[in-house]
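Read the structure below first, then the notes.
The analysis underlying the following values was restricted to heavy atoms, covering all of them including side chains, and did not include hydrogens, waters or symmetry mates. The model shown is predicted, which means the values in this text are computed figures rather than measured ones. Counting begins at 1 with the first residue of the sequence. Just so you know, ligand 1 is whichever comes first in the structure, and atom 1 is the first atom listed for that ligand.
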Amino acid sequence: MVNKICCIGAGYVGGPTMAVIAQKCPDIKVTVVDINEQRIAAWNDEDVTKIPVYEPGLDAVVAEARGRNLFFSTEVDKAIDEADMIFISVNTPTKTYGVGKGMAADLKYIELCARQIARVATSDKIVVEKSTLPVRTASALKDILDNTGNGVKFDILSNPEFLAEGTAVEDLHSPDRVLIGGDESTEEGAAALKALVDVYAHWVPRECILTTNVWSSELSKLTANAVLAQRVSSINSLSELCEVTEADVNEVARAIGMDSRIGSKFLKASVGFGGSCFQKDILNLVYIAKSYGLNEVADYWEQVIIMNDHQKGRFARNIISTLYNTVSGKKIAFLGWAFKKDTNDTRESAAIYVADILLSEQAKVSVYDPKVEEYQVYSDVDYLGTRSSEENTENLTVFNDPYEACKGAHAIAVLTEWDEFKSYDWQKIYDGMLKPAFVFDGRRLLDEKQLKSIGFQYQTIGR
Ligand code: UDX
Ligand code: ADP
């Protein structure tokens with residue numbers, strides 16, 4: 001029976017997941033800890049709309065549980081020692097140095113957590129991997145915990161998160177499945193598995209809680225994302241074919257998606273997928289396959305990334321060629337910077353790469369996103385290191401008002417499918433732009449007929 005849970009990492013995964021566990025399990029005390037003081041302060045902000053992760057419905061869940069059995073704190077050691085069960089939800093970015101640079105997951109934050117748990121724990125703990133990890137990380141975790149610990153026992157479980165950002169609360173409330181990997185062959189392993197199953201069973205039907213061995217669980221997370229991303233790259237590859245054949249990718253997607261063997265989801269052509277998981281997980285899969293000498297397997301999955309890079313690049317190149325082969329000094333307004341709607345997360349967002357290409361062509365890029373903060377936009381572009389931060393600040397401007405962002409622009413590029421973009425006063429936007437006024441819709445979001453009747457030159461993906 002679990003009474004106290006500690007979660008290390010108060011990010012996009014740890015925050016929402018623990019908020020929902022606390023909401024649904026009032027008998028369990030849940031403490032979310034992070035070394036980032038600002039982030040914890042934001043989670044504790046009296047004004048619940050100021051929590052650092054924007055997710056529809058999350059503020060209400062936090063308001064319900066916070067202070068009752070949900071706590072956010074920077075006292076990592078204390079929370080670790082108190083807990084019976086510890087979730088590790090720290091970030092595992094792609095390595096930016098050394099062996100596996102640009103491909104393998106950087107496990108340094110995970111290892112630091114494991115060492116911290118080993119140092120601090122004075123009673124037996126169940127340690128749950130929540131972050132997406134390469135296969136067999138659990139065995140590395142176990143090694144560290146068992147060899148540097150104070151003689152206390154650790155059971156390791158893998159419990160990958162399948163929530164999608166923007167729908168996290170919904171996904172957590174009614175998941176398609178909850179996956180828990182553990183070692184059922186030992187009595188302690190089976191008990192640990194059962195303890196976590198019991199947590200989820202507070203609200204998830206038992207038949208939706210799947211238990212497997214640890215390696216299957218770890219690999220399922222990577223491959224679920226790889227297969228989803230593959231669908232997006234498949235439809236994006238077809239979007240290019242549609243553009244040259246007078247087919248319409250939405251019609252094709254609808255027609256093939258109605259085949260129940262194919263299914264209709266994740267067939268929306270776009271400017272390219274983003275997010276913290278898809279690219280990272282596929283790169284990881286490719287790296288793992290290569291490290292076992294499975295070169296064909298590695299190449300097969302790598303093509304999903306190559307296609308995605310191509311899609312982002314060709315969207316940018318089409319803007320340049322349509323604007324008479326030069327965007328130098330031209331104002332191009334971006335509607336949307338987040339990697340999808342209903343989130344303030346920008347990791348791997350297509351917008352960053354499209355902006356980078358346009359900035360290299362000396363365009364003046366202006367950005368409006370309903371939820372992304374100004375500093376984030378600059379830090380995303382600076383992170384690529386293509387040019388100096390001063391040059392980025394000079395040529396990239398972030399606006400709080402979409403009409404201001406579009407005023408005087410040669411073209412608008414829609415990078416994120418935020419609903420509010422559809423209901424803007426497009427006549428007013430048109431009136432403020434240079435003519436011909438172009439719209440490049442990277443999400444097939446806007447009403448083509450309406451825009452054309454106003455006078456816009458409208459282009460979208462896959463038609
Ligand atoms: C993904 C997985 O869906 C989730 O299960 C996992 O836990 C984490 O990774 P997330 O990255 O939050 O979730 O978003 P997702 O909805 O999968 O979208 C990823 C990207 O693909 C977005 O940029 C989105 O715009 C794009 N996409 C998605 C498309 O371009 N077309 C589609 O049809 C679907
Ligand atoms: P994810 O999308 O996987 O949740 P985030 O980057 O949003 O990733 O969140 C991960 C969080 O983990 C960050 O807020 C980071 O400060 C925190 N973190 C990383 N390492 C540690 C650690 N050793 N102790 C506590 N928190 C950590």
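Taking a cutoff of 4.0 Å between a charged side-chain nitrogen and a carboxylate oxygen, K341 and E417 do not qualify as a salt bridge. At a threshold of 4.0 Å, the pair R314-E243 counts as salt-bridged, since one of the basic side-chain nitrogens sits closer than that to a carboxylate oxygen.
Evaluated for a side chain to side chain donor-acceptor pair (under 3.5 Å) with K280, the options T92, D106, N225 yield exactly one hit, T92. The side chain to side chain contact (heavy atoms under 4.5 Å, CB included) test with F334 singles out one residue from V398, V377, L358, T416, and that residue is L358.
Heavy-atom proximity to atom 15 (C) of ligand 2, evaluated over N36, I88, D34, I8, is greatest for D34. Heavy-atom proximity to atom 22 (C) of ligand 2, evaluated over D345, I35, T17, is greatest for I35. Nearest residue to atom 15 (P) of ligand 1 from K340, R231, K268 is K340 (criterion: closest heavy atom).
When side chains are defined from C-beta on, I21 counts as touching I5, because their heavy atoms get closer than 4.5 Å.
The protein non-hydrogen atom at the shortest distance from atom 23 (N) of ligand 2 is C113 SG, 3.8 Å. Protein heavy atom at the shortest distance from atom 18 (N) of ligand 2 is V90 CG1, 3.6 Å. Distance from atom 11 (O) of ligand 1 to its nearest protein heavy atom, with residue and atom name: F339 CE1, 3.5 Å. With hydrogens left out, the protein atom closest to atom 21 (O) of ligand 1 is F273 CB, 3.2 Å, a heavy atom. Ranking the protein heavy atoms by distance from atom 2 (C) of ligand 1 puts N225 OD1, 3.3 Å first. Looking only at protein heavy atoms, the nearest one to atom 12 (O) of ligand 1 is E165 N, 2.7 Å. Looking only at heavy atoms of the protein, atom 28 (C) of ligand 1 is closest to F266 CE2, 3.5 Å.
Those atoms of ligand 1 with a heavy atom of V232 less than 4.0 angstrom away are 27 (N), 28 (C), 29 (C), 30 (O), 31 (N), 32 (C), 34 (C). Heavy-atom proximity to L267, at under 4.0 Å, picks out these atoms of ligand 1: 33 (O). Annotation for ligand 1: atoms under 4.0 Å from non-hydrogen atoms of F162 are 4 (C), 5 (O), 7 (O). For ligand 2, the atoms closer than 4.0 angstrom to any heavy atom of G9 are 11 (C), 12 (O), 17 (C). Residue S89 has at least one heavy-atom neighbour below 4.0 Å for each of these atoms of ligand 2: 10 (C). Of all atoms in ligand 1, numbered sequentially from 1 with element shown, those under 4.0 Å from a heavy atom of C277 are 8 (C), 9 (O). If you number the atoms of ligand 2 from 1 as listed, the ones under 4.0 Å from a heavy atom of G11 come out as 4 (O), 5 (P), 7 (O), 9 (O). The ligand atoms of ligand 1 that sit less than 4.0 angstrom from a heavy atom of S270 are 29 (C), 30 (O). Distances below 4.0 Å separate heavy atoms of E161 from the following atoms of ligand 1: 7 (O). Annotation for ligand 1: atoms under 4.0 Å from non-hydrogen atoms of K221 are 6 (C), 7 (O).
With hydrogens and angles disregarded, a donor-acceptor distance shorter than 3.5 Å links the side chain of E161 to the backbone of L163. With hydrogens and angles disregarded, no donor-acceptor distance shorter than 3.5 Å links the side chain of D155 to the backbone of I126. Judged purely by atom type and a 3.5 angstrom limit, T17 has no side-chain atom pairing as donor or acceptor with the backbone of G14. When atom types are taken as modelled, the side chain of S239 and the backbone of G462 share no donor-acceptor pair closer than 3.5 angstrom. A donor-acceptor contact shorter than 3.5 Å is absent between the side chain of S217 and the backbone of N213.
Below 3.5 Å of separation, one finds an N or O of V13 facing an N or O of ligand 2. Among the atoms of F278, none of the N or O lies under 3.5 angstrom from an N or O of ligand 1. Any N or O atom pair closer than 3.5 Å counts here, and A164 shares no such pair with ligand 1. On a distance-only criterion, S276 and ligand 2 share no N/O pair closer than 3.5 Å.
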Worked check of side chain to side chain donor-acceptor pair (under 3.5 Å) between Y12 and N344: CA-CA 10 Å; Y12 284 92; N344 59 343; 2.8 Å; yes
Verdict with supporting geometry, I412 and F440, side chain to side chain contact (heavy atoms under 4.5 Å, CB included): CA-CA 6 Å; I412 292 171; F440 298 91; over 6 Å; no
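With a heavy-atom cut-off of 4.0 Å, R347 touches ligand 2 through its side chain alone. With a 4.0 Å cut-off on non-hydrogen atoms, L228 touches ligand 1 through its side chain and not its backbone.
Atom OG of S73 sits about 6.5 Å away from atom CD1 of I40, to the nearest 0.5 Å. Note that NZ of K312 and CG of D309 are 4.5 Å apart. Values are rounded to the nearest 0.5 Å. Taken to the nearest 0.5 Å, the CG atom of L179 stands 11.0 Å off from the CD1 atom of I209.
Checked against the 6.0 Å centroid threshold, F278 and F273 count as a close aromatic pair.
In this structure, R443 has a heavy atom closer than 4.0 Å to ligand 1.
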